[in-house]
Amino acid sequence: MSEWRPIKEGKVREIYDNGDSLIMVATDRISCFDVILNNTVSKKGTVLTQMSRFWFDMTKDILPNHMISVDVKDMPEFFRKPEFDGNSMMCRKLTMLPIECIVRGYITGSGWASYQKNGTVCGITLPEGLKESDRLPEPIYTPSTKAEIGDHDENISYEQSIAHLEKYFPGKGEEYASKLRDYTIALYQKCADYARSRGIIIADTKFEFGLDEEGRIVLGDEMLTPDSSRFWPADGYEPGHSQPSFDKQFARDWLKANPGNDWTLPEDIVQKTIDKYLLAYELLTGMKL
């Protein structure tokens, strides 16, 4: 095939159809507040792909995932170029389930804002007296519906997730909803315990799942990257305020503090962002990229 064009372009990812598989390329684009910024962050795509690979390998005892290979030698000739090396993953094709599976182990961000208002996060009542960034007694599962690019995802309750899945998969809503919840929490618990031992707190994250040809639930998309998760340094963790993080927080904070920024970051903020991504990768995997 000489004409390779992505069949789907997300804010950060490009997906190519490779017949019986897909090739997912994580670009160096960066998005904040659902907007693609004008900057690129070099090596970011490679960090995202290699970090997903690391976690997929670690969790295949919990459930299968969609990864086939991250080696471009296993991919068509078109992908054997420097710009695809390291940031591309060949994946099984899945029928994706239309739910973002979010799990929160700590109270922060929009969850904290909601708790301050009425003591709940996504309709789940939490104990009184929690401080910002506190660890929750148990991780909570707060699914949302997947929005098209440009729209915001919508938080839904577990009961609504049953109804939402039932619409697309009649007779299967309850089974899929309960499996998604249980897998999400099991994945989070295993990986958060491991990350904690490496000096990183995973405050919250999101997973996406799909069905394979046999109808089994398979973990898809990306996994526990700084794009889909909130990573905090365990060193210096202290509830009562927001925590420094290993993700796009630098970029978000700068954009908030500098209205009229035209969605363009200064070079030092870009450098700080990639340094954080690389540090998270090295701490978690014990490897240099």
Side-chain angles (χ1 to χ4, degrees), residues 5-16 22-53 55 83-84 86-89 91 96 98-104 108-111 113 142-155 202-208 220-232 242-281 289:
R5 293 236 168 80
I7 50 165
K8 187 167 179 235
E9 287 199 60
K11 291 191 278 280
V12 173
R13 281 192 175 58
E14 294 174 348
I15 300 177
Y16 294 83
L22 294 174
I23 293 171
M24 289 176 69
V25 178
T27 68
D28 290 339
R29 294 195 291 264
I30 179 169
S31 80
C32 291
F33 310 115
D34 289 334
V35 175
I36 298 169
L37 305 189
N38 295 319
N39 309 78
T40 56
V41 178
S42 61
K43 282 273 182 248
K44 176 173 171 277
T46 302
V47 172
L48 297 183
T49 299
Q50 298 302 323
M51 208 177 258
S52 289
R53 177 192 66 107
W55 294 116
E83 65 259 37
F84 294 113
N87 63 344
S88 304
M89 184 180 285
C91 304
M96 296 306 286
I99 297 269
E100 301 236 306
C101 297
I102 298 163
V103 55
R104 304 164 191 262
T108 182
S110 61
T142 60
S144 75
T145 56
K146 282 179 62 66
E148 293 303 307
I149 285 191
D151 287 338
H152 289 283
D153 300 338
E154 187 191 344
N155 292 329
I202 303 174
D204 51 39
T205 191
K206 70 172 170 99
F207 302 117
E208 293 191 35
D221 198 50
E222 65 180 323
M223 181 174 187
L224 288 164
T225 68
D227 267 18
S228 65
S229 323
R230 235 183 279 248
F231 292 157
W232 297 336
S242 66
Q243 308 297 308
S245 65
F246 280 104
D247 53 24
K248 299 185 283 198
Q249 211 50 51
F250 272 125
R252 287 194 204 104
D253 290 350
W254 188 87
L255 291 167
K256 266 193 191 145
N258 294 275
N261 51 58
D262 199 23
W263 301 108
T264 306
L265 299 169
E267 217 28 64
D268 64 313
I269 298 292
V270 173
Q271 193 54 49
K272 278 183 173 164
T273 301
I274 190 54
D275 289 347
K276 278 287 185 208
Y277 275 70
L278 289 168
L279 180 59
Y281 178 80
L289 200 60

Atom [atom1] of [X] and atom [atom2] of [Y]: how far apart are they, to the nearest 0.5 Å?
X	Y	atom1	atom2	result
I102	N155	CD1	CG	6.0 Å
N87	L48	CG	CG	9.0 Å
D253	S242	CG	OG	7.5 Å
Q249	K272	CD	NZ	13.5 Å
L37	I269	CG	CD1	12.0 Å
Y281	K43	OH	NZ	11.0 Å

Close side-chain approach of [X] and [Y], heavy atoms under 4.5 Å:
X	Y	answer
F207	W55	no
M51	P226	yes
L255	F33	yes
L22	Y16	no

For [X] against [Y], the heavy-atom pair lying closest together:
X	Y	answer
C32	W263	O-CZ3, 4.0 Å
W232	S245	CD1-CB, 3.7 Å
N38	D262	ND2-O, 2.9 Å
S31	K248	O-NZ, 2.8 Å
S229	L224	OG-CA, 3.3 Å
D204	R104	CB-CA, 3.9 Å

Please confirm whether the backbone N or O of [Y] pairs with a side-chain atom of [X], one donor and one acceptor, at under 3.5 Å?
X	Y	answer
N39	L265	yes
T205	S228	yes
S52	M223	yes
R13	K8	no
D28	T40	no
R29	K11	yes

L289 vs Q50, side chain to side chain contact (heavy atoms under 4.5 Å, CB included): CA-CA, chis, key distance, verdict: CA-CA 8 Å; L289 200 60; Q50 298 302 323; 4.0 Å; yes
Carboxylate-amine/guanidinium proximity below 4.0 Å for R230 and D247: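 No, this pair does not count.
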Worked verdict on K44 versus D227 for salt bridge (charged side-chain N to carboxylate O under 4.0 Å, His left out): CA-CA 10 Å; K44 176 173 171 277; D227 267 18; 3.1 Å; yes
